[in-house]
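As a basis for the values below, the full set of heavy atoms in this structure was taken, side chains included, without hydrogen atoms, waters or symmetry mates. Labels below follow one simple rule: chain letters A, B, ... track the order of the sequence lines, proteins then strands, and each chain is numbered from 1. Keep in mind that what you see is a predicted model, and the values were worked out from it rather than measured.
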Amino acid sequence: MAKEITSRSENYSQWYNDIVKKAGLADHSAVRGCMVIKPLGFAIWENMKAQLDTMFKDTGHVNAYFPIFIPKSFLSREAKHVEGFAKECAVVTHHRLMNDPNGEGVIVDPSSKLEEELIVRPTSETIIWNTYKDWIQSYRDLPLLINQWANVVRWEMRTRPFLRTAEFLWQEGHTAHATKQEAWEEAELIHEIYARFAEDYMAMPVIKGAKTASERFAGADETFTIEALMQDKKALQAGTSHFLGQNFAKAFDVKFADQNNKEEHVWATSWGVSTRLVGGLVMTHSDDEGLVLPPKLAPTQVVIVPIPKPNEAILEVAEKIKAQLNEKGISVKIDKDKKKRPGFKFAQYELEGVPVRIGIGMRDLENNQVEIARRDTKEKSSVSLEGADRYVADLLVEIQENLVQRARDFRKEHTSEVKDFESFKEVLESKGGFIHANWDGTDETEARIKELTKATIRCIPLEGSEPDGNDILSGQPGKHKVIYAKAY
RNA sequence: CGGGGCGUAGCGCAGUCCGGUUAGCGCACCUGGUUUGGGACCAGGGGGUCGCAGGUUCGAAUCCUGCCGCCCCGACCA
C-alpha cells in the first residue's frame, strides 16, 4: 500500500497531516508557514464559498474589495485592536529591488525605503473604517452591509495546514448601522448563518455562544462564536461574529446625521470564517481510510468505476446514469482510466472522500444492476439499474444526514457537566470534550483554570448558561454556566 | 521561541558510528508482455548538485564549523 495513513488512535496530528497530504488537499510550500492549496482542497473551499456567498447575499450583503496593505498608523488608531494583532504582522518597508553590486542575486534597494511602512492586513477593520468615513454622512447611507473575500496574513509561530497558516483565505463582513440594536441584530444574524452553514452543509454541529472578555476579538464589545468538537475531543472555533459597538467609528471618526440632523457615531459589526473550515471538515468526519466529505460540499459527489475496466457497454450505461444524475444537480465523474485496476481506484476514491461510488461490471449488466457503495459507512449494495438515479439521490441525502447525526452523537458522548474542580480535571483527562461548569465571571478564575488544565472557556452558550451553583475553582457564586474544553 | 527528532530520486527509507570502486532498496514513473469484481505480475529502462556554505583530507553522504528547512511536543494565536 503506497498511501499509508497513520491511524487516529496512534497519532491524531499525524493522521490529520496524512489526510491533508495524501488526499491531495494541500502541500507545504517553499514559504514557511504557508501552504499550497491543491485542486481538491480548493474545490471544497469554493463550494463553501459559493454557499456562504449566497447566504450573505440573500440577507442583503454585497461584496467589495479593499487593499491588502494598510498604513501602519491605521492599526494604532484603536488601542485594543493594535494590541491584539501587533505581534503577528508582516510589514512592508521597501518597494524596490536591485542587483547586488557585490555579486549575484538581488538585494533590497535601500533608497526605496517607504516613508510610512505598510502592514499586510491581518484583518481589514482599519482600512475599511477609514474608507467608510467617506461613504457615510447620513442615516440614508445606512446600513452599509459589505463583505469581502480575501487573503490575510498573521505571522504565526506554529502552523498547521488549514487550521493555522501564516496566510489564509477568508471572508470578512464589515457592516455599519444607525442603531446599537440593529448592529447587535446583524451580529446575531450572521452568527445564525454560520451555525446553519456548519450544520446543514458541513454536517458539523456547533454550539452557539458568546466569548468571554479575554477571548473576545481585539476591538469588539461582544464576540459570538460557533464551536465545534473534533474527533480528538478538542474544540475548534469555526467562525466568529463581532459586535464592535462604536469603537471603530470613534477611532476613525465615522459619524452620520440622523433624521433630526443630530450627529452620532455609527454602530458596527465584523464577522469571518476562513479556510480553517476545511480543517474542521476533515477533523469532523474523516476516518483512517481517508477523507470523508459531506455530499453537499463534495466537489465530486458520485464516481462511477467500470469493472474491471471501461468498455463500450459499460460506458454507455455509465454515461446514461451520469446524465440522469446531472439532471438532478448531482456531480458525477466517470473513471475511464484503463491502466489502473478497480481495487486501486476504490481505495483512491475512498482516500479522496467521494461520498458515493457506483461500480459497473459485465456481471452487473447481465443482471441489470449496479453496485453502489457509500463512503461514510463503507456499505455496498446491488441496485437495479431502473431507479438507480433516485436511489443515489436519496442516498446522498441520507449520507449527509448520517454524518451530522454521527457528529452529534459523538459530541453528546463527549459533553459533560461538573460541579467541582476535581471532577473537572478528572473528566478533562479521561473523556475530554465539552464540559459545562459554573464560572464566577472573573478573568482571574478563567486564567487560573487555563494555567492548571490547558482548558479554556470556549463560550458562554446562548442556551443553558444560567448558573446553578458556585464556580468550580473559586467557590464564588456562579455568574454563568460556561463550556470549557481544550481547543485548537 | 524552548525541548526532542529528521533532512540521501516524486514518496518512504538504508548507508553516516568506523571516510575509500560507478550511492543503494521499496513504491511511484516510462516501454513491452501477461493479467483484470478490493491497492496485479514479469522483464527492461529513466531519474540524485546526498538540505546549503565553508573547512579537514590524496579522497567526504560519512569527520569539523556555521547556517537553513521540516516534523512532533510545549508557550502564543483564528
Side-chain angles (χ1 to χ4, degrees), chain A residues 1-6 10-18 20-22 24 27-35 83-89 122-123 152-172 194 211 214-218 223 225-228 235-242 270-280 289-290 305-311 314 337-351 357-367 369-371 373 378 380 382 450-451 454 456 458 486-488:
Chain A
M1 292 224 264
K3 308 237 172 167
E4 196 65 50
I5 295 172
T6 306
E10 193 188 325
N11 183 340
Y12 191 86
S13 298
Q14 194 55 50
W15 167 81
Y16 176 80
N17 289 338
D18 285 354
V20 167
K21 190 82 211 291
K22 289 171 180 170
D27 267 342
H28 289 288
S29 74
V31 186
R32 179 189 173 81
C34 295
M35 63 176 170
E83 203 179 300
F85 288 103
K87 284 178 288 185
E88 51 191 35
C89 286
T123 179
V152 287
V153 169
R154 296 181 190 174
W155 213 263
E156 298 290 349
M157 292 294 203
R158 186 178 164 194
T159 60
R160 307 191 60 194
F162 293 108
L163 298 174
R164 177 168 300 108
T165 46
E167 179 192 14
F168 57 94
L169 306 183
W170 76 344
Q171 57 71 215
E172 47 180 324
Y194 285 165
K211 284 293 185 187
S214 74
E215 297 264 333
R216 209 172 272 157
F217 174 74
T223 290
T225 179
I226 55 171
E227 298 283 328
L236 183 78
Q237 178 176 310
T240 47
S241 175
H242 315 289
S270 70
W271 28 276
V273 294
S274 72
T275 37
R276 175 176 244 205
L277 289 179
V278 177
E289 270 73 54
V305 180
I307 299 169
K309 64 179 179 185
N311 66 31
I314 291 173
D337 191 327
K338 289 180 181 165
K339 298 281 194 219
K340 301 215 164 47
R341 294 157 59 105
F344 180 88
K345 293 178 180 178
F346 293 172
Q348 187 61 32
Y349 292 118
E350 279 161 11
L351 177 62
R357 182 184 75 235
I358 303 178
I360 309 176
M362 293 311 287
R363 264 194 339 243
D364 293 312
L365 293 189
E366 281 161 26
N367 298 322
Q369 65 182 30
V370 293
E371 181 188 79
K378 308 276 287 298
K380 289 194 270 200
S382 288
K450 179 177 179 183
E451 202 182 304
K454 306 279 194 303
T456 50
R458 299 323 301 154
K486 289 185 183 171
Y488 274 93

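Across all strands shown, nothing is found opposite G59(B) as a Watson-Crick or G-U wobble partner with both distances under 3.5 Å. Pairing of A75(B), defined by two Watson-Crick or G-U wobble distances under 3.5 Å, is not identified with any nucleotide. In this structure C52(B) sits in a base pair with G66(B), meeting the Watson-Crick or G-U test at under 3.5 Å. Taking a pair to require two hydrogen-bonding distances under 3.5 Å in either a Watson-Crick or a G-U wobble arrangement, U21(B) remains unpaired. U34(B): Watson-Crick or G-U partner is A40(B), with both key distances under 3.5 Å. Taking a pair to require two hydrogen-bonding distances under 3.5 Å in either a Watson-Crick or a G-U wobble arrangement, G46(B) remains unpaired.
If you measure from atom CG of Asp18(A) to atom C1' of C11(B), you get 12 Å, rounded to the nearest angstrom. Straight-line distance from the CG atom of Asp337(A) to the C1' atom of A28(B): 14 Å, rounded to whole Å. In this structure, Trp15(A) atom CH2 and C71(B) atom P are separated by 18 Å, rounded to whole Å. What separates CD1 of Ile314(A) from C1' of G37(B) is a distance of 10 Å, to the nearest Å. Protein atom NZ of Lys22(A) is 8 Å distant from nucleotide atom P of G12(B), rounded to whole Å. Taking atom CD of Glu371(A) as the reference point, atom C1' of G38(B) lies 9 Å away to the nearest angstrom. At whole-Å resolution of the value, NZ in Lys21(A) and P in C71(B) are 11 Å apart.
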Take nucleotides 40-46 of chain B nucleotide by nucleotide from the 5' end and write B, S or -, depending on whether a protein heavy atom sits under 4.0 Å from the base, only from the sugar-phosphate, or from neither.
B------
Summarise how protein sits on nucleotides 73-78 of chain B as a single string, 5' to 3': B when a protein heavy atom is under 4.0 Å from the base, S for sugar-phosphate-only contact, - for no contact.
SBB-BB
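Distance check on atom P: A9(B) versus G47(B) gives 15 Å, rounded to whole Å. G3(B) and C50(B): their P atoms are spaced 30 Å apart (whole Å). Rounded to whole Å, the separation between the P atoms of G48(B) and U65(B) comes to 31 Å. Nucleotides C30(B) and A23(B), compared at atom C1', are 23 Å apart to the nearest Å. Taking atom C1' on both nucleotides, U16(B) is separated from C6(B) by 14 Å, rounded to a whole Å. Comparing C64(B) with G74(B), their P atoms are spaced 32 Å from each other, to the whole Å. Comparing U22(B) with G4(B), their P atoms sit 39 Å apart, to the nearest whole Å. For the P atoms, the distance from G54(B) to A60(B) is 14 Å, rounded to whole Å.
To the nearest 0.5 Å, atom CZ of residue Arg216(A) and atom OG1 of residue Thr240(A) are 13.0 Å apart.
Ala218(A) and Gly84(A) make their closest contact through CB-CA, 3.7 Å (heavy atoms, listed as atom of the first residue, atom of the second, distance). Counting all heavy atoms, side chain and backbone alike, Thr6(A) lies closest to Asp18(A) at OG1-OD2, 2.7 Å.
Legend: residues meeting side-chain hydrogen bond (donor to acceptor under 3.5 Å, both in side chains) with Trp15(A), ordered by chain and number and at least two apart, are absent. In terms of the side-chain contact (heavy atoms from CB on, under 4.5 Å) criterion, residue partners of Ser274(A) (sequence neighbours excluded) are, by chain and number, Phe168(A), Trp170(A), Arg276(A). For Lys345(A), the side-chain hydrogen bond (donor to acceptor under 3.5 Å, both in side chains) partners at least two apart in sequence or on another chain are Asp335(A). In this structure Glu215(A) satisfies the side-chain hydrogen bond (donor to acceptor under 3.5 Å, both in side chains) test with no other residue, sequence neighbours excluded.
Between Pro161(A) and Asp364(A), the residue anchored nearer the 5' end of RNA chain B, judged by the nucleotide with its closest heavy atom, is Asp364(A).
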Please determine whether side-chain hydrogen bond (donor to acceptor under 3.5 Å, both in side chains) holds for the pair Lys211(A) and Gln237(A), giving the CA-CA distance in whole Å, both sets of side-chain angles, and the decisive distance to 0.1 Å.
CA-CA 10 Å; Lys211(A) 284 293 185 187; Gln237(A) 178 176 310; 3.0 Å; yes
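The cationic group of Arg164(A) does not satisfy the cation-pi geometry with Tyr488(A), failing either the under 6.0 Å distance to the six-membered ring centre or the 45° limit from the ring axis.
Using a 4.0 Å heavy-atom distance criterion, Glu350(A) is classed as a base contact.
Here His28(A) reaches the OP1 or OP2 of C71(B): one of its side-chain N or O atoms lies under 4.0 Å away. Checking the phosphate oxygens (OP1, OP2) of C70(B), no side-chain nitrogen or oxygen of Asn17(A) falls inside 4.0 Å.
You'll find the side chain of Pro308(A) stays beyond 4.5 Å of the side chain of Arg341(A), heavy atoms only.
Side-chain to base pairing of Lys380(A) with G38(B): one donor and one acceptor N or O lie within less than 3.5 Å of each other.
There is a side-chain donor-acceptor pair under 3.5 Å between Thr456(A) and Arg458(A).
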